Amino acid sequence: MPELPEVETVRRGLVPAMEGEVIAKAELRRLDLRHPAPPDLANRIMGQRIERIGRRSKYLLFDLSSGETMILHLGMSGRILVSGQATAGFTHDLATPEKHDHLLITMANGTRITFNDARRFGSLDLVATKDTTEHWLLKGIGPEPLGNDFNAEYLAAKLARKASPVKAVLLDQAVIAGLGNIYVSEALFRAHILPDRIANRVTKNEVPLLTTSIRDVLLEAIDAGGSSLRDHRQTDGELGYFQKSHAVYGRQGEPCRTPGCAGVIQRIVQSGRSSFFCAICQS
DNA sequence: ATGTGTTCCTGTCCGC
DNA sequence: TGCGGACAGGAACACA
């Protein structure tokens with residue numbers, strides 16, 4: 001999935017096409033996503049103006065003039081495409097729905113927006129805007145890593161109480177919002193911490209660097225237009241560029257990029273998911 | 001109460 | 001070229 005930077009990139013691509021515009025037509029083609037979508041979702045968003053497109057963690061939030069908010073999660077393979085934007089390197093005729101196009105929207109200005117998600121780990125829901133933060137999917141989520149509530153003191157307190165590997169703690173959305181498998185590996189590399197270190201063994205001295213590493217890696221990825229391994233596309237169909245600058249993710253067997261380091265990037269599996277690290281740079 | 005493993009679903013890639 | 005297996009950005013849930 002799209003992790004936080006990819007979702008933010010998608011959001012920024014949607015704002016000029018949708019914010020302040022009215023949804024003229026909507027068609028929900030499948031209800032059986034990760035969580036069942038409301039059967040009347042299309043009817044409830046049709047005719048509404050999109051007042052604002054926000055983001056909480058990896059969720060996109062579409063505030064509608066009706067007083068409802070559409071909550072959209074991209075899951076692992078979800079993407080949103082916008083007609084009229086360049087589609088270099090990716091052809092998807094939005095006029096003809098493809099197999100995994102689940103939600104089709106036509107704005108009053110003619111722009112078409114398509115939510116496509118082959119694996120259907122994504123989800124769609126509608127909630128009263130005032131109740132958004134209390135929605136069951138959102139209410140347990142921890143602070144935004146780019147916001148003021150996320151800082152070294154907070155993170156140190158969380159890590160100190162956890163007996164699981166630091167990798168697992170950083171992936172826990174209740175601890176920090178928006179981190180996923182790629183950026184956890186990248187942030188831990190920058191912080192010189194091995195992913196299988198037990199969280200409460202991360203020293204107080206190490207936490208500030210870990211905190212800034214998380215923030216920096218996310219900001220750089222957003223600046224670069226989001227990362228990508230295979231499925232992620234920006235809304236204009238372009239691949240994100242940040243993948244070129246992954247220091248460790250997906251680079252097992254390749255040389256460490258730290259100047260002067262003779263290390264080779266290694267891959268381990270932790271609770272079923274790959275972690276990447278340099279055993280020389282990280283301990 | 002916590003921590004770990006499994007599971008949902010489809011697509012792609014790699015080795016034989 | 002076909003085929004089987006490994007693996008993929010998430011996260012809720014079942015179980016120890």
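Residue numbers begin at 1 in each chain, while the letters A, B, ... track the order of the sequences. Because the structure is a prediction, the values reported are computed rather than measured.
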With distance as the sole criterion, is a donor-acceptor pair present between the side chains of A/H135 and A/D125 under 3.5 Å? yes

Distance-only donor-acceptor check, side chains A/Q173 and A/S57, under 3.5 Å: yes

Distance (rounded to the nearest 0.5 Å) between A/H192 NE2 and A/S283 OG: 9.0 Å

[N] [atom2] sits how many Å from [X] [atom1], rounded?
| X | N | atom1 | atom2 | value |
| --- | --- | --- | --- | --- |
| A/L137 | C/dC13 | CG | P | 9 Å |
| A/L74 | C/dG10 | CG | P | 11 Å |
| A/K139 | C/dA11 | NZ | P | 17 Å |
| A/Q173 | C/dG10 | CD | C1' | 8 Å |
| A/N116 | B/dT10 | CG | P | 13 Å |
| A/Q270 | C/dG10 | CD | C1' | 16 Å |
| A/R79 | B/dT12 | CZ | P | 9 Å |

Comparing A/S57 with A/F276, nearest DNA chain C nucleotide closer to 5' gives the residue A/F276

Using the side-chain heavy atoms of A/K58, tell me which of these nucleotides is nearest: C/dA12, B/dT10, C/dA11. C/dA11

Look at the side chain of A/R34 and decide which nucleotide, out of C/dA12, C/dA8, B/dG3, has an atom nearest to it. C/dA12

Between B/dC9 and A/R119, counting only base atoms on the nucleotide and side-chain atoms on the residue, is there a donor-acceptor pair under 3.5 Å? yes

Do the side-chain N or O atoms of [X] get closer than 4.0 angstrom to the phosphate oxygens (OP1, OP2) of [N]?
| X | N | answer |
| --- | --- | --- |
| A/S271 | B/dG3 | no |
| A/H100 | B/dG11 | yes |
| A/R267 | C/dC7 | yes |
| A/K162 | B/dT2 | no |
| A/H73 | C/dG10 | no |
| A/R120 | B/dT10 | yes |

Just call it for [X]: base, sugar-phosphate, or nothing, with non-hydrogen atoms closer than 4.0 Å on any strand.
| X | answer |
| --- | --- |
| A/A168 | nothing |
| A/G180 | sugar-phosphate |
| A/R30 | nothing |

Could you work out the complete set of other residues in the hydrophobic cluster of A/W136, with links drawn between I, L, V, M, F, W and Y side chains under 4.5 Å apart? A/Y59, A/L61, A/I71, A/V127, A/L137, A/L138, A/I141

What distance, rounded to whole Å, do you find between the two P atoms, one in C/dA11 and one in B/dA1? 24 Å

C/dC3 to B/dC9 separation - P atoms, rounded to the nearest Å: 24 Å

Going by the side chain to side chain contact (heavy atoms under 4.5 Å, CB included) test, name the single residue among A/I80, A/I53, A/L72 that passes it with A/V10. A/I80

Between A/L74 and A/F115, what is the shortest heavy-atom contact and its length? CD2-CE1, 3.8 Å

Exactly one of A/S271, A/S185, A/S275 should register a side chain to side chain donor-acceptor pair (under 3.5 Å) with A/K167. Which one does? A/S275

A/F121 ring over C/dG10 six-membered base ring, under 5.5 Å and 30°: yes

Whichever of A/G272 and A/K99 has its nearest DNA chain B nucleotide further upstream toward 5': A/G272

Where each pair must be Watson-Crick or G-U wobble with both distances under 3.5 Å, what dot-bracket representation of DNA chain C is obtained, with crossing pairs in [ ] and other-strand partners as |? .|||||||.|||||||

Worked check of side-chain contact (heavy atoms from CB on, under 4.5 Å) between A/H100 and A/D117: CA-CA 6 Å; A/H100 301 295; A/D117 180 15; 5.9 Å; no

